[in-house]
Amino acid sequence: MGEILVVGGGFSGLLLASRIPGSEVFEENPSIGVPPHCTGLVSWDTIRVIGSPARDSIVSSYRYIRVLNTAGKDIAVLKPSQRIYKLDRVLLERLLAKEAEDMGSKIHTRARVVSVDFEGSIAIHGKEGFRRAVGSMVAIAEGSLGTISRRLGLSRKQDLLVGIQGYARVSKNIDEDEILVFVNDRIFKGFFGWLVPLGSREAVVGMASSLRSYSNRAFRIYLAVLRKLGYFRDSSLRGTYGGLIVRGYPITNHYRDRVIAIGDAAGFVKPFSGGGLYPASKQVEAFSTALRRSDGGEALKRYSRLIGDEIRSLRLQWIATKAVEAIGVERAMKILAGMGIRSISMDYDHHERVFFRLIWGVLAESR
Ligand SMILES: Cc1cc2nc3c(=O)[nH]c(=O)nc-3n(C[C@H](O)[C@H](O)[C@H](O)COP(=O)(O)OP(=O)(O)OC[C@H]3O[C@@H](n4cnc5c(N)ncnc54)[C@H](O)[C@@H]3O)c2cc1C
């Protein structure tokens with residue numbers, strides 16, 4: 001197996017470099033893990049796939065997700081089949097980088113990849129100016145914008161959402177075992193707000209909405225709502241951070257010749273929640289397994305067999321998400337509540353299973 005060149009040293013690129021010894025990662029930022037953007041909520045299945053860097057980054061865990069409206073009224077309780085864990089995302093990326101280096105992979109920071117071709121050659125603008133490198137394969141793990149992967153036709157134009165969050169001191173008693181999700185179709189437009197407890201007195205508070213309709217005003221309104229509901233006394237947050245959330249799905253041809261797109265850049269993201277860590281982990285697991293067992297075209301054929309089920313699942317999730325978006329997240333939840341469905345068991349990583357069960361019920365009711 002020759003050298004793998006990895007474009008982007010975020011979660012997906014680093015996980016891949018920790019699995020394929022001798023990879024070379026090119027990251028445009030000066031340090032690994034920063035700036036942070038992600039909440040870091042994952043299932044135990046995801047932690048199992050990532051391994052010890054994920055286990056060593058666990059901050060807290062949760063049993064349920066409680067859905068409320070912005071008047072503070074309970075609408076439903078989601079019951080995932082396994083506990084949900086919050087990871088320290090900066091630590092996770094640093095541990096993955098260390099594991100990659102221990103495996104003999106190299107990580108270059110301040111190294112921006114400006115072009116990639118299908119023969120496995122890339123152009124890098126780094127500390128020493130421009131240079132080229134050639135690998136046996138190139139993995140494009142450049143994140144949500146997907147500039148290079150779209151230019152090469154390895155990804156479709158995905159919908160993007162803006163996600164913003166920060167740390168808040170909580171003044172009301174909260175159940176440390178529950179993540180709170182707030183729905184309001186006027187404030188969140190296609191998405192929702194969240195409050196993730198960190199112990200009994202602190203929380204990560206955030207929201208997302210579509211890039212087209214996002215405004216700082218909506219975030220201020222959401223914080224004012226939480227203050228009115230008594231969650232905090234003042235609505236200022238410590239350390240606000242965020243980024244772009246992908247709402248899309250992978251195309252079948254997200255690889256060609258010597259190039260593959262991975263993670264957010266390829267649309268490996270659960271479209272309803274924007275959670276990318278599970279799909280990207282499964283993709284990296286499939287790709288690295290295929291590469292360990294065979295080379296070149298044979299490896300890609302093997303990879304395509306290994307990843308097929310995940311792609312089908314993400315596409316179904318995308319169709320279901322579009323249906324919920326059309327109805328409105330709040331409205332859909334209210335219809336379910338009106339039908340007496342207030343306690344919903346779910347698979348945290350394969351939303352299509354619960355969606356189709358519920359959408360069928362909602363459509364039947366709203367006719
Ligand atoms: C607000 C928010 C909350 C989220 N919460 C969750 C959550 O709770 N659970 C979950 O599973 N997922 C969550 N996600 C999604 C998750 O963060 C992403 O799916 C995940 O980070 C994808 O990893 P990636 O490596 O594909 O992309 P990224 O993490 O974006 O990494 C891409 C890297 O490539 C670098 N790069 C880009 N272009 C170039 C270039 N040309 N040359 C060199 N380097 C380049 C970037 O600097 C970056 O470091 C959240 C996202 C956001 C925005």
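Atoms within a ligand are numbered from 1 in the order they appear, just like the ligands themselves.
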Would [X] count as a contact of ligand 1 if the rule is a heavy atom under 4.0 Å away?
X    : value
K86  : no
G274 : yes
A111 : yes

Please state which protein non-hydrogen atom is closest to [atom] and give its distance, to 0.1 Å?
atom                    : result
atom 9 (N) of ligand 1  : L41 O, 2.9 Å
atom 41 (N) of ligand 1 : V113 O, 2.9 Å
atom 31 (O) of ligand 1 : G10 CA, 3.4 Å
atom 13 (C) of ligand 1 : C38 SG, 3.3 Å

Do [X] and ligand 1 have an N or O pair less than 3.5 Å apart?
X    : result
W194 : no
A265 : no
D264 : yes
G276 : yes
G243 : no

Taking non-hydrogen atoms only, is [X] closer than 4.0 angstrom to ligand 1 via side chain, backbone, both or neither?
X    : value
L244 : backbone
K270 : neither
S12  : both

Quiz question: by atom type and distance under 3.5 Å, do the side chains of N69 and E330 form a donor-acceptor pair? no
Tell me if a side-chain donor or acceptor on Y62 pairs with a main-chain N or O of P197 at a distance below 3.5 Å. yes
